[in-house]
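Positions are given from 1 along the sequence.
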Amino acid sequence: MSEPPGQQGDQEQASNQNEHHASNQIPDRTAGSPVGEESPEHARKRKQEYSNSLEESVQYWQGDDKIPTDIEEVKGTLKDVSGLGESFDLVFREMTFAGRKVGYFFVSGFAKDNIMDIILARLSMLDKKQISADALKAFFDLYIPHIQVELMTSMSQTINKVFQGYSVFYIEQESTSIVLDTRNYPARGPEEPSLEKVVRGARDGFNETLLTNVALVRRRVRDPGLKVEIMQVGRRTQTDVSILYIDDIADIRLVESIRKKIQAVDIYGLPLADKQLEEAIIQKGWNPYPLVRYSERPDVVADHLLDGSVAILVDTSPSVMLMPTTFFDLCQHAEENRQTAFMGTYLRWIRFLGIFASLFLLPIWLLLVLEPGLKPAYLQILGPQETGKLPLLLQFILAEFGVDLMRMASIHTPTPLATAMTLVAAILLGEIAVKTGVFVYEVILYMAFAAVGMFATPSYELALANRMVRLILLVSVAFFKVHGLIIGITIYIIVLTLHRSYNSSYLWPFIPFNAKAMYNIFVRQPVLKNKDRPSFNKTKDRTKMRNTQK
């Protein structure tokens with residue numbers, strides 16, 4: 001299967017396909033050709049194929065999507081559609097059980113050998129007297145000792161199942177196949193996520209296997225109300241996407257909206273998993289602020305589900321999307337709930353202070369330097385004692401780019417070389433830049449404060465968005481001074497207020513103001529005092545804890 005080279009010629013390609021669909025004939029693969037080579041007619045038909053999905057490809061070669069009753073026809077379709085014979089990991093094992101010819105199709109890298117060996121060993125001992133005329137029913141009901149087995153009548157569905165890790169039995173004279181769940185995905189263990197580490201708490205985290213991630217959530221939420229829906233997204237990748245919610249807590253309108261948006265996604269595939277899905281279902285334009293919260297911790301996801309949120313899991317991704325979310329949700333961390341209420345509140349305040357510093361510390365300091373009359377007497381210490389060779393704004397911009405460059409370098413630098421890179425960044429780029437007069441010490445100092453505040457932001461996406469706002473505020477202050485800071489902050493608040501998270505304000509509970517919810521944002525409540533779910537989620541059941549007082 002290949003994509004069209006362009007828009008021109010689409011009608012001609014469509015007419016060619018329609019002609020072949022109408023003919024409903026599969027050209028002989030080797031007619032008129034030397035043994036082992038493809039016939040000219042078959043080669044021409046292959047070059048003319050421009051299918052956008054597996055179903056279209058099967059219909060192109062067969063004329064319909066039914067399973068052929070002849071094993072040779074099945075094998076021919078698999079060669080044309082799936083690449084059987086060209087891809088070394090695709091296996092089509094032809095066998096005979098009780099007088100019936102059977103083709104067993106699977107991907108060698110996904111198959112559980114022990115399960116397959118047991119099934120094949122049992123079938124190989126059958127004879128014609130042990131099965132009735134209905135071989136399909138006999139195999140399915142009596143002689144395949146496996147739990148997860150289903151029947152399918154669509155050829156494209158069976159091929160898609162094989163690429164998902166299943167294995168398929170095609171039985172001669174039967175237009176229905178037997179699909180077995182023999183998946184064994186290569187996966188790493190549930191290790192603690194590097195972005196959400198805690199001092200005390202669980203050390204397991206999501207990995208790239210959807211089934212494992214669902215099990216980690218199930219282990220923490222043993223509630224029959226927890227619903228796990230699954231669907232496939234992407235014409236070519238057929239990526240598994242799962243929606244998790246608790247049906248007697250979550251807002252059913254929110255669930256329906258998310259489900260419809262995912263089902264309506266028409267995209268070639270999701271090779272980059274959840275991030276591509278987020279952009280496909282959330283139209284936020286160029287606004288850098290995230291409308292979903294990512295988490296790699298099962299306990300965090302379980303807690304949000306109990307609060308009425310909806311979780312979206314995408315196969316091959318260790319991150320889970322939580323919806324809906326607000327600016328203040330993105331500022332919270334699991335560590336706050338692993339400490340006492342007092343210490344959790346203290347940590348929350350420190351974190352908010354760091355986020356505030358990452359946003360406004362540099363613009364405010366630059367304003368006080370440009371307008372010395374605004375500084376009170378006790379803040380006269382603020383300000384550069386020496387002037388560098390470059391304007392302060394240019395120094396800040398270069399420092400911002402330098403921090404970003406070091407951050408990216410640290411991600412791509414192998415661990416044994418990380419220490420050497422840190423020394424180069426700290427000594428060469430910092431100390432020498434100051435001594436040569438390119439930077440002043442105050443710029444390095446306040447840039448370090450802002451960088452630490454950015455790294456203290458729990459959401460990586462929120463930290464990057466805050467950095468862009470800081471740059472814009474710096475430019476505004478440099479050109480318009482006080483008016484630039486006031487207008488910049490005002491526009492910033494207005495943009496976040498208009499940034500809707502499923503028809504709710506992104507700055508809730510600050511705008512619109514909700515005193516009780518705002519108190520819970522800044523004060524980590526003791527567990528037994530936190531009796532209500534956030535009204536932002538519009539849950540069916542607002543009560544989180546029973547009233548035990550008599």
Side-chain angles (χ1 to χ4, degrees), residues 192-193 196-206 215-227 244-252 254-255 293 295-311 320 322-355 456-459 501 504-505 507-510 512-550:
E192 183 180 16
E196 297 178 272
K197 290 184 177 181
V198 294
V199 178
R200 302 287 184 192
R203 303 299 178 187
D204 57 345
F206 294 123
L216 290 173
V217 177
R218 280 279 190 194
R219 185 180 180 186
R220 289 167 169 82
V221 185
R222 302 176 183 179
D223 187 339
L226 177 61
K227 304 302 180 184
L244 274 67
Y245 62 95
I246 301 178
D247 62 350
D248 55 345
I249 296 179
D251 181 12
I252 191 62
L254 173 64
V255 176
R293 178 179 179 179
S295 179
E296 298 182 27
R297 294 188 63 89
D299 50 358
V300 172
V301 173
D303 186 63
H304 278 73
L305 289 173
L306 293 171
D307 277 342
S309 297
V310 178
V320 173
L322 295 168
M323 305 166 66
T325 191
T326 67
F327 179 90
F328 296 100
D329 284 336
L330 299 170
C331 298
Q332 298 184 14
H333 192 271
E335 179 66 22
E336 300 159 5
N337 297 308
R338 293 291 181 177
Q339 307 298 328
T340 62
F342 181 86
M343 293 309 302
T345 301
Y346 169 76
L347 294 176
R348 189 170 292 183
W349 287 357
I350 294 296
R351 183 168 287 111
F352 276 118
L353 183 62
I355 295 173
T457 306
S459 171
S501 180
S504 298
S505 174
L507 287 182
W508 183 92
F510 179 60
F513 188 73
N514 185 318
K516 183 178 180 181
M518 200 69 190
Y519 177 79
N520 290 334
I521 290 292
F522 286 99
V523 178
R524 207 283 272 178
Q525 291 272 37
V527 173
L528 298 180
K529 296 292 184 180
N530 191 12
K531 297 182 179 180
D532 296 326
R533 295 186 173 91
S535 60
F536 174 79
N537 290 337
K538 300 180 178 63
T539 56
K540 293 181 182 178
D541 184 6
R542 285 289 312 281
T543 305
K544 193 173 183 178
M545 194 170 297
R546 297 176 182 175
N547 187 1
T548 58
Q549 297 180 356
K550 296 183 179 180

I'd like to know whether NZ of Lys540 has more than 12 heavy-atom contacts from other residues, nucleotides or ligands below 6.0 angstrom. yes
Would you indicate whether the side-chain heavy atoms of Phe536 and Ser501 approach each other to under 4.5 Å? yes
Give the minimum heavy-atom separation between Lys529 and Gln525, together with the two atoms involved. CB-OE1, 4.2 Å
Can you name the nearest heavy-atom pair linking Val301 to Ala311, along with the distance? CG1-CB, 4.0 Å
Please report the interatomic distance CG(Asn520) to CZ(Phe328), rounded to the nearest 0.5 Å. 13.0 Å
Any residue meeting salt bridge (charged side-chain N to carboxylate O under 4.0 Å, His left out) with Arg348, in chain and number order, not counting sequence neighbours: Glu336
Using atom types as modelled and distance alone, determine if a side-chain donor or acceptor of Arg533 lies under 3.5 Å from a backbone N or O of Leu306. yes
Out of curiosity, Tyr245 OH to Asp251 CG, how far, rounded to the nearest 0.5 Å? 11.5 Å
Shortest non-hydrogen contact from Arg351 to Ala456? NE-O, 3.4 Å
Just to verify, which of Thr457, Val198, Leu347 counts as forming a side chain to side chain contact (heavy atoms under 4.5 Å, CB included) with His333? Val198
Return the minimal non-hydrogen interatomic distance between Lys227 and Asp247, and the atom names on each side. CE-OD2, 3.1 Å
Rounded distance [0.5 Å steps], CZ in Arg297 versus CZ in Phe206: 10.0 Å
Does a donor on one side chain and an acceptor on the other come within less than 3.5 Å for Ser535 and Lys516? no
Could you measure the distance from the CZ atom of Arg220 to the CG atom of Asp204? Nearest 0.5 Å is fine. 4.0 Å
Is it the case that more than 12 heavy atoms not belonging to Phe352 sit under 6.0 Å from its CZ atom? yes
If you count heavy atoms of other groups shown closer than 6.0 angstrom to CZ of Arg219, is the number above 12? no
Heavy-atom nearest pair, Arg338 first then Ala202, reads NH2-N, 3.8 Å
When you compare the side chain of Ile521 with that of Gln332, does any pair of heavy atoms fall below 4.5 Å? yes
Given the rule in the side-chain contact (heavy atoms from CB on, under 4.5 Å) test, do Thr325 and Leu330 qualify, once you have shown the distances and angles that lead to the verdict? CA-CA 7 Å; Thr325 191; Leu330 299 170; 4.0 Å; yes
Could you tell me whether the side chain of Asn537 reaches within less than 4.5 Å of the side chain of Asp307, counting heavy atoms only? yes
Would you list the pairs meeting salt bridge (Lys or Arg N to Asp or Glu O under 4.0 Å) in which at least one residue belongs to residues 323-333, sequence neighbours left out? none
Between Pro193 and Gly205, the two heavy atoms sitting closest are CD-CA, 3.9 Å
When rounded to the nearest 0.5 angstrom, what is the spacing between OG in Ser459 and CZ in Phe327? 9.5 Å
Atom CG in Asn337, atom CG in Asp299: separation rounded to 0.5 Å? 9.5 Å
Determine whether Ser295 and His304 satisfy the following criterion, side-chain contact (heavy atoms from CB on, under 4.5 Å), listing intermediate values before the conclusion. CA-CA 10 Å; Ser295 179; His304 278 73; over 6 Å; no
Is it the case that more than 12 heavy atoms not belonging to Phe522 sit under 6.0 Å from its CZ atom? yes
Main-chain N/O of Glu296 paired to Glu196 side chain as donor or acceptor, under 3.5 Å: yes
Kindly say whether Arg524 contributes a backbone atom to a donor-acceptor pair with the side chain of Thr345 at under 3.5 angstrom? yes
